[in-house]
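One structure below.
Heavy-atom basis, side chains included; hydrogens, waters and symmetry copies ignored.
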Amino acid sequence: MDEVTFKSDTVLSDVHLYTPNQRHLMVRLNSMGQPVFLSQFKLLWNQDSQTDSGTMGGDHRDVPIEETPARTGSTGSPPGHGHSGAGFPLQAGVHAAGQEGTGAQLDEDGDLDVVRRPRAASDPDPVWPPRDKVHPMILAQEEEDVLGDKAQESSTHNIIKIEHTMATPLEDVGKQVWRGALFLADYILFQRDLFQGRTVLELGAGTGFTSIIAATAAQTVYCTDVGADLLATCQRNIALNSHLTAPGGGGVKVRELDWLKDDLCTDPEVPFSWSEEDISDLYDHTTILLAAEVFYDDDLTDALFKTLFRFAHRLKNACTAILSVEKRLNFTLSHLDVTCEAYDHFRACLRQLEQLQDGQLRFAVEPVEAAFPQRLEYERIRQLELWKIFVEPGT
């Protein structure tokens, strides 16, 4: 098995596409029979706002078309898919959001003009990394441990090790690393004082990357998602990076949190269930909620906002939710045009949440300017956005 081949119905993270020829160490097969790889992400702790990939805030290249798989309405997916929960009166549709600034480029005949990235073979000094191949080279365990050699060159406090899959069906995209998580991690590293000593809840944590970064400053981080295999991967990644946990902190606690259920699972027989002590600590001390790259499906987005609404009413303290989203553009047959329906629905949900007046809480929404320095190596594009939701007592 020298090369990985990807089928047309699989989803591949842009993080892996950005460095397609990088050598990856395959460490095991997960319970679904999917190959699990170990990758390293270097933290640029001492880097100023000028980065290798661009100026302040990274490289905001304007990529007009992101070639991503079309969303489906019936695929088994992360928590929240295909159901409508109670407690949050949200039924935002694409029509309510409109087609906000999709920025499609058309030729003189009105056809879609797709800008291609230059190939290394035709450009002696390419701006982009080479993308001729879309499969990684796999290292067997007995081969030269390139990852280990790299780790010896850098302090362990500069390296995050993450186990993840690569090409997965849509329902397993949480097992990959997405640049929206790296973007949110950059913001956390920039705003460490905001997280210092706090209790943080991450919703839809995936591989746990953002939770691990938050734990470098926070007192306690609840890293939540659904699926025993995914949560086990989170647990392994947290163990791999335990040296990064803030001194004196409570570390990262991996727990199951299903957005389709009103209550947390407390059954001790269920892996990653909640103890009464956990629940008490969660509701009494949480002040920051995080979510990254979970807005690719409308039903899932609805479930996430209903969960935010529900937690905002149960937490004892005022809280702030920080959401990371990538505005993905797709050509759809239904519109015969380039649209970003998932992003439009996300924006519609933000507007509806801000307009809610239940007399108990007030939700204020504002975008975060992407001018903070880049501390992780990834392709920071203009389509990456951060949004803050401030939850305060109603007037």
(message) How long is the straight-line distance from CG of Leu304 back to CG of Asp299, given to the nearest 0.5 Å?
(response) 12.5 Å
(request) Search all heavy atoms of Gly251 against all heavy atoms of Thr245 and return the closest pair with its distance. (result) CA-CG2, 3.7 Å
(request) Flag the pair Phe183 / Tyr378 as yes when their ring centroid distance falls below 6.0 Å, and as no otherwise. (result) no
(message) Distance check, rounded to the nearest 0.5 Å: Phe209 atom CZ versus Gln176 atom CD?
(response) 14.5 Å
(message) Could you measure the distance from the OG1 atom of Thr286 to the CG atom of Asn317? Nearest 0.5 Å is fine.
(response) 8.5 Å
(message) So that I can tick it off, tell me whether Asp172 and Lys175 are bridged by a salt bridge, with the cut-off set at under 4.0 angstrom between side-chain N and carboxylate O.
(response) yes
(message) Test your reading of the model: is there a side-chain donor-acceptor pair from Thr233 to the backbone of Asp229, 3.5 Å cut-off?
(response) yes
(message) Has Trp274 got a side-chain atom pairing as donor or acceptor with Pro268's backbone, closer than 3.5 angstrom?
(response) no
(message) Does this structure show an ion pair linking Glu163 with Arg236, if we count only N-O contacts that are shorter than 4.0 Å?
(response) yes
(message) Can you see whether Gln383 engages Tyr343 through a side-chain donor-acceptor pair at a distance of less than 3.5 angstrom?
(response) no
(request) List the steps and the verdict of side chain to side chain contact (heavy atoms under 4.5 Å, CB included) for Ile159 and Leu43. (result) CA-CA 6 Å; Ile159 297 295; Leu43 282 170; over 6 Å; no
(request) Could you check if a side-chain atom of Ile288 sits within less than 4.5 angstrom of a side-chain atom of Leu194, using non-hydrogen atoms only? (result) yes
(message) side chain to side chain contact (heavy atoms under 4.5 Å, CB included), that's the test. Do Trp259 and Val226 meet it? Break it down for me.
(response) CA-CA 9 Å; Trp259 301 352; Val226 294; over 6 Å; no
(request) Check for a donor-acceptor pair, side chain of Glu369 on one end and backbone N or O of Ala371 on the other, with a separation under 3.5 Å. (result) no
(request) Would you please test Thr216 and Arg192 for side chain to side chain donor-acceptor pair (under 3.5 Å) and show each step? (result) CA-CA 8 Å; Thr216 63; Arg192 286 176 57 82; 2.9 Å; yes
(request) Measure the spacing between CG of Leu323 and CD of Glu385 and express it to the nearest 0.5 Å. (result) 11.5 Å
(message) With a 4.5 Å cut-off on side-chain heavy-atom distances among I, L, V, M, F, W and Y, is there a chain of contacts connecting Val177 to Leu230?
(response) no
(message) Applying salt bridge (Lys or Arg N to Asp or Glu O under 4.0 Å), can you list everything that pairs with Arg198, at least two apart in sequence or on another chain?
(response) none
(message) Using the ring centroid of each side chain, check whether Phe363 and Phe305 are separated by less than 6.0 Å.
(response) no
(request) For Asp225 and Ala205, indicate whether the former's side chain and the latter's backbone hold a donor-acceptor pair under 3.5 Å. (result) yes
(message) Quick one, Val200 with Phe195, criterion side chain to side chain contact (heavy atoms under 4.5 Å, CB included). Give me CA distance, side-chain angles, the key distance, then yes/no.
(response) CA-CA 8 Å; Val200 178; Phe195 291 81; 4.0 Å; yes
(message) Taking Gly208's backbone N and O only, do any of them form a donor-acceptor pair with Ser211's side chain (distance below 3.5 Å, no angle check)?
(response) no
(request) Drop me the distance from Leu244's CG to Lys161's NZ, to the nearest 0.5 angstrom. (result) 11.0 Å
(message) I'd like to know if Glu354 pairs up with Arg362 as an ion pair, taking the criterion as any Lys NZ or Arg NE/NH1/NH2 lying under 4.0 Å from an Asp or Glu carboxylate oxygen.
(response) no
(message) Checking Gln219 now: which residues fulfil side chain to side chain donor-acceptor pair (under 3.5 Å) with it, not counting sequence neighbours?
(response) none
(request) Start with the C-alpha gap between Asp298 and Phe346, add the side-chain angles, then the distance that decides, and say whether side chain to side chain contact (heavy atoms under 4.5 Å, CB included) holds. (result) CA-CA 8 Å; Asp298 292 352; Phe346 166 76; over 6 Å; no
(message) Closer than 4.0 angstrom, basic N to acidic O: yes or no for Arg179 and Glu326?
(response) yes
(message) To the nearest 0.5 Å, what is the distance between CG on Leu264 and CD on Glu276?
(response) 9.5 Å
(message) Applying side chain to side chain contact (heavy atoms under 4.5 Å, CB included), can you list everything that pairs with Thr320, at least two apart in sequence or on another chain?
(response) Ile322, Lys388, Phe390
